[in-house]
2 protein chains.
Amino acid sequence: MHAKPQTIALANTRAAILDLAERLLQEKGYNAFSYKDISNPLGIKNAAVHYHFPTKTALGVATLRRYRERFQEYILGFEQSDADPLAKLNGYIAIQIDHLRNGYRVCPLGILEAEYNTIPSELRAEAKALEKEIWFWVRDTLAAGREQNIFHFMGTSEDKACLIAAALQGALQMARIAGASSFFAIVRQIKRDLGLKE
Amino acid sequence: MHAKPQTIALANTRAAILDLAERLLQEKGYNAFSYKDISNPLGIKNAAVHYHFPTKTALGVATLRRYRERFQEYILGFEQSDADPLAKLNGYIAIQIDHLRNGYRVCPLGILEAEYNTIPSELRAEAKALEKEIWFWVRDTLAAGREQNIFHFMGTSEDKACLIAAALQGALQMARIAGASSFFAIVRQIKRDLGLKE
DNA sequence: GTCTATAACGTGATAGAC
DNA sequence: GTCTATCACGTTATAGAC
């Protein structure tokens, strides 16, 4: 039996498009990237991109969904290894640091929230789903950490999860203007406000 | 002596354009609003907008500069009335609540940071100036509040100012997806983490 | 699957009349 | 100061050949 080269080629191109779309989304925003920004670097034509993703909305949705699935796998890894809450928090922060170091990308959520009134409803729905998952996970991690006397804070873990998620999202954006040091200042302060040792 | 009607007319149109541009900037972002979005509601033609602001860059810069000057006047009012640090912090939060209640607008800084890689350098410079002013003022307010035993927190007021500024910025954005309640959750938590009574 | 070619539209911007 | 008219360009998207 022979392998099916065309199927492989499809998967590769598709994945390459999604990789680039994800990067462009985080670097420039949904409105500010075009099919040309995708087809040119890949050495293909915009019609080829349309073959894989008929509309820009479909491309955006697929990009965000893949990002979300990757996040799910990431946190699943923590559950399977019985990681402690601090390791989980550090893991979430590590994702943001990765974005920061990778060309000052911002969280896709932050971009889509900023552009919220101008993006298609399908994209909004995907963003909502991602936001919910992140928030649930941060909240549970904070609650578990407090129960184990690792984190110390006043108020509900719901409120604290909102604060930390929003602060990290804002931190990545702020870093574009104020530099990477402002991002790390925020991470330091988040940890102090959880009663963690420096 | 007669008044000069044409001068007054100019000032009115100019101000009306800036009002609308500011709203559009905070609601849709810099890239997503057009001259048509401005001229149509005002009942004028796009050429008239170009008369007052030759380029979109000039319009964006003027919009942001006026926002910054208003902020300067706002904090000057606090200095002249010898307001205490808590009143100042609440004043800053009140600006954000005003944005939230006014059609889920976000902080202009947040929008411009998200679009940072796609906006003209003149706009970036204006955003930097605004960011600096806000940060200095929040930092000084936090430091004074700690000295007066009103605020209580670990770490430097520099770090804490970064955290609070980023969190409020992220809170306005998050509210678009998660609703206004998530914004107020973050405000509550910020105050708790400053050792303020509920 | 990818190409060429093109459609249909919106954009920022300008020239010149009033 | 505002208008009409127009330009040059970039955008998403489609039809049909290969």
Side-chain angles (χ1 to χ4, degrees), chain A residues 2-21 24-25 27-64 111-112 115 117-123, chain B residues 2-22 24-25 27-64 112 115 117-123:
Chain A
H2 294 300
K4 293 172 187 165
Q6 68 276 25
T7 301
I8 292 167
L10 178 147
N12 282 346
T13 301
R14 206 187 130 91
I17 292 171
L18 285 174
D19 286 344
L20 198 42
L24 287 164
L25 176 67
E27 284 183 0
K28 307 177 68 177
Y30 179 76
N31 289 319
F33 82 82
S34 70
Y35 275 81
K36 204 179 158 194
D37 291 329
I38 303 230
S39 55
N40 262 358
L42 297 182
I44 58 179
K45 301 297 170 182
N46 84 65
V49 182
H50 274 285
Y51 170 79
H52 294 282
F53 303 96
T55 64
K56 192 178 176 184
T57 299
L59 174 57
V61 167
T63 303
L64 202 58
I111 276 277
L112 293 173
E115 296 180 300
N117 294 321
T118 72
I119 61 175
S121 58
E122 297 95 317
L123 249 181
Chain B
H2 294 297
K4 294 170 186 164
Q6 68 277 23
T7 302
I8 291 167
L10 178 145
N12 282 347
T13 301
R14 207 188 128 90
I17 292 171
L18 285 175
D19 286 342
L20 198 42
E22 184 176 308
L24 288 163
L25 176 66
E27 284 184 0
K28 306 178 65 175
Y30 179 76
N31 290 319
F33 82 82
S34 71
Y35 274 81
K36 205 178 158 194
D37 291 329
I38 303 226
S39 56
N40 263 358
L42 296 182
I44 57 178
K45 301 295 171 182
N46 82 66
V49 183
H50 274 285
Y51 170 80
H52 294 283
F53 304 96
T55 65
K56 193 179 177 185
T57 299
L59 174 56
V61 167
T63 302
L64 202 59
L112 293 173
E115 296 181 298
N117 294 322
T118 72
I119 61 177
S121 58
E122 296 96 319
L123 251 182

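We name chains A, B, ... by the order of the sequence lines, and we start the count at 1 in each one. Only heavy atoms go into these numbers, but all of them, side chains included; no hydrogens, no water, no symmetry mates. Here the structure is a predicted model, which means the values were calculated and not measured.
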Which of these, B:Ile17, B:Leu20, B:Asn46, sits in a side chain to side chain contact (heavy atoms under 4.5 Å, CB included) with B:Ser39?
B:Asn46
If you compare every side-chain N and O of B:Thr13 against the phosphate oxygens of D:dT2 (OP1, OP2), does one of them come in below 4.0 Å?
yes
Enumerate the protein-to-nucleotides 5-11 of chain C contacts in which both atoms are nitrogen or oxygen and the separation is below 3.5 Å.
{"from": "C:dT11", "atom 1": "OP1", "to": "B:Ser34", "atom 2": "OG", "distance (Å)": "3.3"}

Whole angstrom is fine here: how far is it from NE2 in A:His50 over to P in C:dC3?
13 Å
Could you grab the distance from atom CG of A:Leu18 to atom CG of A:Leu64, nearest 0.5 Å is fine?
11.0 Å
Check the distance between D:dA13's P and A:Leu59's CG and give it to me in whole angstrom.
10 Å
Is the shortest side-chain heavy-atom distance between A:Phe53 and A:Arg14 below 4.5 Å?
yes
d(OH, B:Tyr51; P, C:dC18) in whole Å:
19 Å
Starting at CD1 of B:Ile38 and ending at P of C:dA13, how long is that distance when rounded to a whole Å?
12 Å
B:Glu115 versus B:Asn31, side-chain donor and acceptor atoms under 3.5 Å:
yes
Using whole Å, what does the distance between atom P of nucleotide D:dT14 and atom NE2 of A:His52 come to?
16 Å
Centre of A:Tyr51's six-membered ring, under 6.0 Å away, within 45 degrees of the axis: is that where NZ or CZ of A:Lys45 sits?
no
Are any side-chain N or O atoms of B:Asp37 and backbone N or O atoms of B:Ser34, one a donor and one an acceptor, separated by less than 3.5 Å?
yes
